[in-house]
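Only one structure is covered here, and it is reproduced in the block below.
As the structure is a computational prediction, the values presented were derived from the model and not from experiment. Note that these values count all heavy atoms, side chains included, but never hydrogens, waters or copies made by symmetry.
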Amino acid sequence: MKREKVFMLFLSLAACLALLAGCGAPGSSAAADLSDAQFDIGTISVPSYVRIVGLGEASHGAAQYHQMKWDVFKALVENNGCRTFIIEGDFGGALKVDQYINGSHGTVQEAVAEIGFAIYRTQEMADLVDWMRAYNETVPQEEALHFYGMDMQRFDNNKEYLFSVMDKTDPALSARYAETLAQLTDENRSSFDEAAWKDAKERVAELMNQLDAIEGEIVERCGQPAFEFARECAKSMYDDCDAQLSNNYNETRDRHMYEKAEWFLQHGDGSLLFVNGHNGHIGKTSVAGYVCLGELLSKNLGNGYYAIGTDAQKTQFQSQMDNGEFEIMEVGNENELNTLFAGGERGPYFVDFASVADDENWERILGGQQTITALNVGLTKMQTKMKAAYTVSIIPQAAFDGMIVFQSVTPSSILNQ
């Protein structure tokens, strides 16, 4: 996530323009009818032609958004036969979560810590992962759930998996590249200069060529899947270098996450894929001035990509400071979607935009500008006073196929490190 500072800058700029234009404020026109919405998230399903469902979250640090991953994924498992969960997290680290849910030793706390970002080390995430492990204990191996990552901002776990495969086939080659790439670590990457990134990119490219040359030996000794995942670990390292050297880090990062999603489509079992990340990545249109993951998926899959966004009227969340510690912050943002509760006590609602396309009130709301919350990893107290720092203006039906809307969300429960 790299604290997504450049991303937040673009989001703030977009939101400033929207706010200056007066977009997104609750209107005085007739409100939409909530009887058209679903209050039981477990009833969510998608048409059979959908290949990927993207679930966005308005903040990484809110408990309800973490719980929502579980609720929506479980619904898709039960209603659409979905078996693959892909998160905006480290590719190599998420492989350890996948091993855990498929029976490996260790604790769930240790597993979620490997996803790569402290904001995911929560009780809510642990509960989701434990449910996946328990589910897999009840089904045949071919029906087991899988947990993967699509991000590329870490080295350690990718190297560990890659070299564990190479060790079984060509230990001398493995040892040589372990030494060559010794400086590529999660801890060191923050201190790299441009020359170091360029050198790392060249070395990893060489390694990928070496892997391709010994593919047959790896497949014979370890199997085709082991080769494919090992090579993708190497590509994740290459992609990290590529993004760091790019003139547009965020667009390059989203392009590589898109490539990961496509890779899972090609290497999966043909069942529905579930992809989770920030609203800004999942939406079908970008609000930050660059081509995002969701836009690429929508362009290449058409209606085979179904995007769900989220928002809340009141947001309490875990904000990660520059020193890595968390502090609870609170912001508020009203729009015509999250004020539909009108003081009611019901929980979040889901509205499928296609199901309300003939309702003129819904059409006015979903086809007009709405200013929604957009929090990433961290926000300062000063920024909580500036709506432009934590909101973006969107046209809901252009960005998403549906939305889950909360009255309020509360901070996630960070696990002790």
Worksheet item: Do Asn338 and Glu334 have a side chain donor and acceptor closer than 3.5 Å?
Response: no
Is Lys198 paired with Glu202 through a side-chain N to carboxylate O contact shorter than 4.0 Å? no
Would Phe229 and Tyr148 count as a close aromatic pair, with their ring centres under 6.0 Å?
yes
Tested for side chain to side chain contact (heavy atoms under 4.5 Å, CB included) against Thr310, the lone hit among Asn279, Ile282, Val72, Val405 is Asn279
| Side-chain heavy atoms of Asn276 within contact of Phe73, under 4.5 Å | no
- Look at atom CG of Asn209 and say whether more than 12 heavy atoms of other residues, nucleotides or ligands are closer to it than 6.0 Å. yes
Practice task
State, yes or no, whether a side-chain contact exists between Leu297 and Tyr258 at a heavy-atom distance under 4.5 Å.
Solution key: yes
### Stepwise side chain to side chain contact (heavy atoms under 4.5 Å, CB included) check, Gln383 with Tyr390
CA-CA 8 Å; Gln383 288 174 320; Tyr390 64 84; over 6 Å; no
* To do: With the side chain counted from C-beta on, respond yes when Arg231 and Ile218 share a heavy-atom pair under 4.5 Å apart, and no when they do not.
  => no
Carboxylate-amine/guanidinium contact Glu327 Lys381, below 4.0 Å
yes
In terms of relative ring orientation, are Phe147 and Phe85 parallel, tilted or perpendicular, with 30° and 60° separating the classes? parallel
Checking Leu76, Asp401, Asn80 against Val53 for side chain to side chain contact (heavy atoms under 4.5 Å, CB included), the one that qualifies is Leu76
For this session: For Asp156 and Thr185, test the side chains for any donor-to-acceptor distance below 3.5 angstrom and give the result as yes or no.
Result: no
Hey, are Asn323 and Glu325 close enough side-chain-wise for a donor-acceptor pair under 3.5 Å? no
request  = Just do the side chain to side chain donor-acceptor pair (under 3.5 Å) check on Asp90 and Asn158 with the steps written out, would you?
outcome  = CA-CA 8 Å; Asp90 177 45; Asn158 287 289; 3.1 Å; yes
Parallel, tilted or perpendicular, judged at 30° and 60°: which one describes the rings of Phe91 and Trp263? perpendicular
*Cut-off 3.5 Å, side chains only: do Thr169 and Glu217 have a donor facing an acceptor?*
no
Q | salt_bridge(Glu114, Arg154) N-O dist < 4.0 Å | A | no
Proximity of Tyr349 and Phe341 rings by center, below 6.0 Å: yes
We want to know whether Ser412 and Thr122 form a side-chain donor-acceptor pair, criterion being a heavy-atom distance below 3.5 angstrom. no
Look at Glu57 together with Lys69 and state whether they make a salt bridge at an N to O cut-off of under 4.0 Å.
yes
Next on the checklist: Are Tyr65 and His60 packed together at the side-chain level, in the sense that at least one heavy-atom pair is separated by less than 4.5 angstrom?
Outcome noted: no
Any donor-acceptor N or O pair under 3.5 Å, side chains Gln313, Gln407:
no
Quiz item: Is the Lys NZ or Arg CZ of Arg203 less than 6.0 Å from the centre of Tyr177's six-membered ring, within 45° of the axis?
Solution: no
Less than 4.0 angstrom from a charged side-chain N to a carboxylate O is my criterion; do Arg253 and Asp151 meet it? yes
field: Worked verdict on Glu259 versus Arg255 for salt bridge (Lys or Arg N to Asp or Glu O under 4.0 Å)
entry: CA-CA 6 Å; Glu259 290 167 357; Arg255 174 168 54 82; 3.4 Å; yes
Between Thr410 and Gln64, do the side chains contain an N or O donor and an N or O acceptor separated by less than 3.5 Å? yes
>> Using a 3.5 Å distance criterion without hydrogens, assess whether the side chain of Trp70 forms a donor-acceptor pair with backbone atoms of Met125.
In response: no
Determine, stepwise, if the pair Val112 / Ile115 fulfils side chain to side chain contact (heavy atoms under 4.5 Å, CB included). CA-CA 6 Å; Val112 299; Ile115 300 174; 4.3 Å; yes
